2 protein chains.
Amino acid sequence: MKNRKHSRKREAILGALRSTKTHPSAEWIYAQLKPLYPDLSLGTVYRNLSLFREEGRIISVGTVNGQERFDADTSPHAHFVCDRCGAVIDMDVEFAFDPCKAASAFSEGSIDYCEVVCHGRCHKCIE
Amino acid sequence: MKNRKHSRKREAILGALRSTKTHPSAEWIYAQLKPLYPDLSLGTVYRNLSLFREEGRIISVGTVNGQERFDADTSPHAHFVCDRCGAVIDMDVEFAFDPCKAASAFSEGSIDYCEVVCHGRCHKCIE
DNA sequence: AACAATAATAAGAATTATTACTGTTATTAT
DNA sequence: ATAATAACAGTAATAATTCTTATTATTGTT
């Protein structure tokens with residue numbers, strides 16, 4: 001969009017997010033990449049994640065335990081959050097509706113996108 | 001439930017949340033009550049909101065601009081968030097489904113509750 | 001009413017996630 | 001090549017929330 005220059009680290013950040021389905025935090029991505037890019041700065045991770053989100057290349061899944069979680073899969077799909085361990089899991093459940101369409105009757109504003117987040121306990125935490 | 005003593009301030013905090021449909025933050029509730037209870041502490045608001053949530057008497061609507069937002073209406077209903085001004089509005093839209101039921105097929109954990117949040121721009125911000 | 005037991009609170013320090021700033025480096029265009 | 005500027009590291013700053021401790025309020029019991 002803007003005069004954006006190429007950057008190896010930026011690529012790596014997006015790549016790291018795309019390589020996982022764990023919906024990680026900025027901190028997690030930083031920890032993953034730090035060994036590969038020893039002079040990587042946490043601020044760079046935050047800044048680039050913000051850029052990606054502004055561009056619509058990634059989405060925010062919301063905040064879990066005070067940390068924002070991201071997803072490189074921008075297709076509409078629901079998420080499950082384990083309120084005990086903080087895991088965020090994609091829900092392959094087929095929702096029999098599209099929240100955005102269902103909400104088109106909403107008269108108090110214009111809707112860009114919708115999130116569906118279910119909370120509970122994951123398998124590992126139930127046992 | 002517990003050995004919980006009665007407290008005027010705790011009542012006031014819940015009352016303040018119940019008195020509005022703006023889904024306020026802890027800070028907002030604090031600002032509302034401070035004139036009435038000059039020795040009210042922000043920490044008290046946070047602590048009691050946490051208690052209410054643990055008891056299921058209120059719900060968290062999520063984080064908007066870094067601040068958690070609360071709702072005293074615990075019945076399942078969707079929310080709209082204006083990404084420009086941060087307003088949180090109840091959606092009276094009748095969802096033609098119950099996310100919790102729709103998600104009962106989810107096999108990776110047990111679901112306690114679901115949230116549906118739509119993002120966009122409110123009327124005031126569109127003009 | 002006085003009293004002990006203990007829950008609730010105020011105040012502020014501490015923690016933690018995120019953002020802003022500054023000087024340097026890397027990338028692109030000329 | 002070199003000039004223009006985006007991107008960066010490193011650090012400082014900010015802001016929301018939680019934690020700690022001494023004090024106060026509430027409740028049940030004399």
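Just so it is clear, the structure is predicted and the values come from calculations on it, not from any experiment. First the proteins, then the strands, lettered A, B, ... as listed; each starts at 1.
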Which atoms form the tightest heavy-atom contact between A:E68 and A:S60, and what is the distance?
-> OE2-OG, 2.7 Å
Closer to the 5' end of DNA chain C via nearest nucleotide, is it A:Y46 or B:S7?
-> B:S7
Nearest-nucleotide 5' precedence on DNA chain D, A:G43 against A:R47 | A:R47
Provide, to the nearest angstrom, the distance between the CD1 atom belonging to B:I13 and the C1' atom belonging to C:dT9.
-> 10 Å
Considering only side-chain heavy atoms of B:H6, which listed nucleotide, D:dT26, D:dG10, C:dA8, is closest?
-> D:dT26
Length of the CG-P vector between A:L40 and D:dA7, whole Å = 15 Å
Any A:N65 side-chain nitrogen or oxygen under 4.0 Å from OP1 or OP2 of D:dT17 = no
Figure out the CD1/C1' separation between A:I29 and C:dT18, and round it to whole Å.
-> 14 Å
Could you work out which one of C:dT18, D:dT17, C:dA26 sits closest to the side chain of B:E68?
-> D:dT17
Find the distance A:N3:CG to C:dT28:C1' and express it as a whole number of Å.
-> 10 Å
Could you state the atom-to-atom distance from CZ of A:R69 to P of C:dA17 in whole Å?
-> 12 Å
Which distance, rounded to the nearest 0.5 Å, do you find between the NE2 of A:H23 and the NE2 of A:H79?
-> 3.5 Å
A:Q67 has a side chain; which of C:dA11, D:dT17, C:dA17 sits nearest to it?
-> C:dA17
Using a cut-off of 4.0 Å on non-hydrogen atoms, how would the nucleic acid contact of B:E27 be classed: base, sugar-phosphate, or nothing?
-> nothing
What is the pairing partner of C:dT30, taking Watson-Crick or G-U wobble pairs with both distances under 3.5 Å in any strand?
-> D:dA1
Measure across A:A26 and A:V45 and return the closest heavy-atom pair with its distance rounded to 0.1 Å.
-> O-CG1, 3.6 Å
Gap between atoms CG and P, on B:L51 and C:dA8 respectively (whole Å) = 8 Å
Specify the separation, in whole Å, of atom CG of A:L42 and atom P of C:dA20.
-> 14 Å
If you count the non-hydrogen atoms of other residues, nucleotides and ligands that lie under 6.0 Å from NZ in A:K34, is the total more than 12?
-> yes
Using whole Å, report how far CG of A:L14 lies from P of D:dA7.
-> 14 Å
Of B:K5 and B:Y37, the one whose nearest nucleotide on DNA chain C sits closer to the 5' end is B:K5
Check every strand shown and say whether B:R10 touches a base, only sugar-phosphate, or nothing at a heavy-atom separation below 4.0 Å.
-> sugar-phosphate
Examine distances only and state if a side-chain atom of B:R69 and a backbone atom of B:G86 form a donor-acceptor pair shorter than 3.5 Å.
-> yes
